[in-house]
Amino acid sequence: MTILVSGGCGFIGSNFIIDWLSREKEKIINLDNLTYAGNINNLSSVKDNDDYVFIHGDIGDKSTVSKILETYNPRAVINFAAESHVDRSIYGPEPFIKTNIVGTFHFLEAIRSYWENLAEINKNNFRFLHISTDEVYGSLSSEAPPFKETNPYEPNSIYSASKAASDHLVRAYHHTYRLPTLTSNCSNNYGPYQFPEKLIPLVIYNALSGKQLPIYGDGKNIRDWLFVSDHCSAIRLILNAGKVGETYNIGGLNEKTNLEVVQTLCSILDELQPRDDGFSYATQISFITDRAGHDRRYAIDATKIQEELGWQPIQSFETGIYQTVKWYIKNSDWVQNITSGAYQDWIKKRYAV
Ligand code: NAD
Ligand code: DAU
């Protein structure tokens, strides 16, 4: 048996593949077109595993996708591939439309033709799991209840609008063609292999490089943080036991303001790798101009996946964030390798004063 994942060289996809190969005896094919966020070295620990195959290609390239499906005959597909950074979607929206909307459409088309020609039993057992985000629900006020699966979609950024469009396509492919789809909407992930353009790895990297720790606006925006391996366990459960056509919210039950997150990172770094001058890394905090259209608060109500599938996150924010800081300190080579060239260009453009 085989599964196909797309976007497996990114942050969540690579964690998922490494977890998968350590638990399952099932082949996993990884289709990734290696954008700036895709790093083949994330998977160097499994590259010689007989159950792992990497294919360099685009989800929007129907003929490549069809060839992969015919060759490997997967029983399931998990779609991680996307442009994923909100700030980049503000500075250059086009790739978000191209991959998240048009790419997902071509991917679904190739999968539909493959699925329609499967034998009846394989057809019934086939699954397409689409990995989405809580950002499609929009922004919550401080007293509003967390997002449930029944909340209306109100995406505010180009990124979340493009993800919402892809979720709607997936829903329509189920409703119209009966393609056996599942969708998960998860909150903010953190952990190893996250590209240092996102808040947590960016702050760790900047702190250790003696740079400013940029906090947008007043730092009181709230995110619900989930350790990446807990997201991976939820994905495995949804794939195996989720109800076809349904969506599942996944969240860490860890609502924190950005300022709290950054202060926590500073105190862990103060303990694990104190600055030479004895001052706290917190002295590097700098409040900067807010993100355009910045969503104030996200929070997930994960009751459905907890009650229907028995999912629970294992890591608390305290244990997960400690492990994460340790990982980035230990893997400074990984960070060094990806923070040259194109990364420096992006940082100059984004944080130019
Ligand atoms: P990422 O940016 O780290 O990785 C994306 C991966 O997709 C990269 O390897 C990239 O090369 C690949 N990719 C991009 N366009 C492609 C294309 N056209 N064809 C093939 N591969 C392509 O993203 P991530 O943080 O790992 O997120 C993975 C998925 O999870 C995304 O769909 C994202 O929307 C969703 N998500 C992320 C979070 C989070 O906190 N990071 C939370 C909820 C949902
Ligand atoms: O909620 C799930 C989403 O979480 C995913 O769908 C996205 O792919 C993922 O990127 C993430 O989106 P956010 O915009 O919430 O994550 P980011 O790490 O970019 O920012 C987290 C918060 O920190 C947000 O309120 C903006 C703020 N921030 C971010 C950066 C990069 C800062 O204050 N300073 C920064 O330099």
Side-chain angles (χ1 to χ4, degrees), residues 5-16 30-40 42-43 55-61 64-65 78-90 95-96 98-100 102-104 106-107 130-137 139 147 155 157 159-160 162-163 166-167 184-191 193-203 206 212-226 228 231 235 249-252 256-259 261-262 285-291 294-300 347 350-351:
V5 304
S6 66
C9 294
F11 162 48
I12 303 175
S14 54
N15 276 282
F16 181 83
N30 173 17
L31 168 68
D32 197 301
N33 73 344
L34 298 178
T35 67
Y36 76 93
N39 185 352
I40 203 152
N42 293 1
L43 293 155
I55 296 167
H56 185 201
D58 197 305
I59 55 165
D61 176 356
T64 298
V65 175
I78 308 178
N79 186 26
F80 292 98
E83 289 294 335
S84 70
H85 190 35
V86 174
D87 290 331
R88 284 187 190 252
S89 80
I90 298 168
F96 289 75
K98 200 162 164 249
T99 282
N100 300 2
V102 182
T104 303
H106 289 302
F107 200 39
H130 180 61
I131 306 302
S132 192
T133 169
D134 59 358
E135 300 200 11
V136 296
Y137 298 119
S139 183
F147 301 127
S157 71
Y159 163 68
S160 54
S162 68
K163 289 297 289 185
S166 66
D167 293 8
S184 60
N185 295 88
C186 189
S187 63
N188 285 62
N189 283 216
Y190 67 98
Y193 300 114
Q194 186 167 31
F195 196 80
E197 63 187 353
K198 309 281 168 68
L199 180 69
I200 288 179
L202 179 96
V203 164
N206 277 14
Q212 289 193 336
L213 313 181
I215 296 188
Y216 300 163
D218 63 5
K220 292 190 181 144
N221 300 66
I222 292 175
R223 298 293 182 264
D224 173 4
W225 293 96
L226 180 70
V228 64
H231 188 186
I235 293 170
N249 282 357
I250 309 167
K256 307 272 176 213
T257 66
N258 294 336
L259 189 55
V261 170
V262 175
I285 289 176
S286 167
F287 289 87
I288 66 166
T289 310
D290 210 351
R291 172 185 278 175
H294 197 176
D295 283 340
R296 193 65 174 167
R297 173 177 166 239
Y298 306 139
I300 281 280
I347 293 294
R350 170 64 195 93
Y351 299 97

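We count residues from 1, following the sequence as given. Read the numbers this way: they start at 1 and go in the same order the structure lists the ligands and their atoms.
- Residue-to-ligand polar distances keep D87 apart from ligand 2: every N/O pair is separated by 3.5 Å or more.
- With hydrogens and angles disregarded, no donor-acceptor distance shorter than 3.5 Å links the side chain of K163 to the backbone of A82.
- Residue contact check: H294 has heavy atoms under 4.0 Å from atoms 24 (C), 25 (O), 26 (C) of ligand 2.
- Looking at S132, its side chain never comes within 3.5 Å of a backbone N or O of S184 through a donor-acceptor pair.
- Nearest to atom 14 (C) of ligand 1 by heavy-atom distance, out of G7, A82, C9, is A82.
- For the pair R223 and Y298, the cation-pi criterion (under 6.0 Å, within 45° of the ring axis) is fulfilled.
- Of all protein heavy atoms, the one lying nearest to atom 19 (N) of ligand 1 is I59 N, 3.0 Å.
- Of all atoms in ligand 1, listed by their number and element, those nearer than 4.0 Å to a heavy atom of T35 are 10 (C), 11 (O), 14 (C), 15 (N).
- Contact annotation for H231 and ligand 1: no heavy atom of the residue comes within less than 4.0 Å of the ligand.
- No side-chain donor from either of Y137 and D295 sits under 3.5 Å from a side-chain acceptor of the other.
- Judged purely by distance below 3.5 Å, without hydrogens or angles, the side chains of N100 and Y159 never pair a donor atom with an acceptor atom.
- Taking the six-membered ring for Trp, F195 and F11 have ring centres at least 6.0 Å apart.
- Nearest-heavy-atom check against atom 9 (C) of ligand 2 across S157, S187, S84 picks out S84.
- Nearest protein heavy-atom neighbour of atom 29 (C) of ligand 1: F80 O, 3.2 Å.
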